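Only a predicted model underlies this, so the values are computations on that prediction, with no experimental measurement involved. Both counts, for ligands and for their atoms, begin at 1 and track the order of listing.
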Amino acid sequence: MLRTISGFDRIGEENAFAVLARATALAAQGKDIINLGIGQPDFKTPDHIVEAAIKALKDGHHGYTPANGLLATREAVARRTFTTTGVEVSPENIMIVPGGKVTMFAAILIFGEPGAEILYPDPGFPIYRSMIEFTGAKPVPVPIREENGFAFSAEETLALITPKTRLLILNSPANPTGGVTPKSEIEKLVKGLEAHPHVAIMSDEIYDVMTYDGEEHCSLLTFPQIRDRLIILNGWSKTWAMTGWRMGWSIWPDQLYDKVRKLAVNCWSCVNAPSQFAGIAAIDGPQDDVIKMCKAFDNRRKVVVDGLNSLPGISCATPKGAFYAFPNVKETGWPAKQLASALLDEAGVALIGGPDFGILGEGYIRLSYANSEENILRAIERMEKFLTK
Ligand SMILES: Cc1ncc(COP(=O)(O)O)c(C=O)c1O
């Protein structure tokens, strides 16, 4: 037997990928599967972005870039950050990374070890907890509640901080709930954090453009009092339909920047050069496709919420952001994971059981509405048939 580190006894997975694999296998057997499982836009990457990558390759940009990313790409991110938040960030604080996930991987590795505590949202993106467990740190779930509009509660979050807390992970707009934490609550949280200068904050803002009903995204970056301990996670995956390009960016305070740069040198070296050129084109080019995509998500959101609320035993709060609905299925009498599994096997609808996002996800399922209205309606019809049989 080979002896490996104990972290691998604790590391988890992202079940959305397992469901995707199962749905793909069922489809390969000829089954008609509607996939509302995986969280990725169903739109193509806009043409001008693809062209920029092709041009970069043809121009000979095939080699290594600096580990922290091309200066031009980091400058583009600084411009985009100023446009969306009004905050000036130096390219010296920006890292270009292979996907948004890499930022959470790095941040959790930097702070996690036995004896440390890391706060993360539950339900939340499953990799937060998985990586915390991997490092041996204690995962401390911050409850995200339906009755609170799936927003963070500043009071509840602050009450969980101890002298051992090293990192607080926030996510708004949120996966899997679609919750958006209002500015007033974030202000309260930041005020409270002033009493805990030993706590770093990682704010996952990868869905920042996707808010609805006039709801505004409030970036943690707009609070100068925490800038010296704030990590921002963002990227191209969702906004520009670029999940498979593996392109993310993060903003790091001076005191942490060199740590993540060294991690890059030791692991991924750099993000591939053509993608970094594509990333510049995405930021500086026309945003019509982004606007179109967000409008489509908004329309589908209404279709999915109305559809779900018409089903027996299911009630769905209207999500304010991202592209997920997180309906309450407690009244169906089904445990959420079993319901998700049965819906895939018997109704051909792929979605994810809430417990895959944390203990508080029990009683909920997650549907990604990054799929056509037609498919969403077909999925609702199939769910109705299944639930009334
Ligand atoms: C909240 C959240 N953060 C980060 C990521 C990771 O993004 P990427 O695909 O760029 O690694 C996702 C992807 O689903 C997400 O939902």
- request: Indicate the ring-plane relationship of F297 and Y369, choosing parallel, tilted or perpendicular according to the 30° and 60° boundaries.
  value: perpendicular
query: Do D204 and ligand 1 have an N or O pair less than 3.5 Å apart?
result: yes
task: Would you indicate which of F105, F125, Y128 comes nearest to atom 12 (C) of ligand 1 when only heavy atoms are counted?
output: F125
message: Using a 4.0 Å cut-off to any heavy atom of G99, which atoms of ligand 1 qualify?
response: 10 (O), 11 (O)
- prompt: How far is atom 8 (P) of ligand 1 from its nearest protein heavy atom, and which residue and atom name does that atom have?
  reply: G100 N, 3.4 Å
Min heavy-atom dist T243 to ligand 1 below 4.0 Å: no
query: Under 30°, 30 to 60°, or over 60°: which ring-plane class applies to H196 and H198, parallel, tilted or perpendicular?
result: perpendicular
query: Is ligand 1 less than 4.0 angstrom away from at least one heavy atom of M104?
result: yes
field: Proximal ligand 1 atoms for R246, defined as those under 4.0 Å from one of its heavy atoms
entry: 8 (P), 9 (O), 10 (O), 11 (O)
- prompt: Tell me, which protein residue and heavy-atom name are nearest atom 13 (C) of ligand 1, and how many Å apart are they?
  reply: K238 NZ, 2.8 Å
message: With side chain to side chain donor-acceptor pair (under 3.5 Å) as the criterion, how do N272 and S275 come out once you've worked through the C-alpha distance, each side chain's angles and the decisive distance to 0.1 Å?
response: CA-CA 6 Å; N272 73 85; S275 290; 2.9 Å; yes
- request: Determine the sole option in Y207, Y364, F357, F150 for which the ring pair (Phe, Tyr, Trp, His ring centres under 6.0 Å) test with Y324 is passed.
  value: Y207
- request: Would you check the N or O atoms of E14, main chain and side chain alike, for any that come under 3.5 Å of an N or O of ligand 1?
  value: no
message: Any atom of ligand 1 sitting under 4.0 Å from a heavy atom of Y207?
response: yes
message: Out of all atoms in ligand 1, which are within 4.0 Å of some heavy atom of N171? Include the element for each.
response: 1 (C)
message: Is there a side chain to side chain donor-acceptor pair (under 3.5 Å) between S203 and E205? Walk through the geometry before answering.
response: CA-CA 6 Å; S203 181; E205 303 187 359; 2.6 Å; yes
- request: Give a yes or no on whether a salt bridge exists between E381 and R378, defined as a side-chain N under 4.0 angstrom from a carboxylate O.
  value: no
message: Any side-chain to backbone donor/acceptor pair from N328 onto K330? Under 3.5 Å, distance only.
response: yes
field: R22 bridged to D345 by N-O distance under 4.0 Å
entry: yes
task: For K101, counting its heavy atoms only, list the atoms of ligand 1 lying under 4.0 Å from any of them.
output: 6 (C), 8 (P), 11 (O)
message: Under 4.0 Å between a side-chain nitrogen and a carboxylate oxygen: does that hold for K191 and E187?
response: no
field: Contact (N/O only, under 3.5 Å) between I206 and ligand 1
entry: no
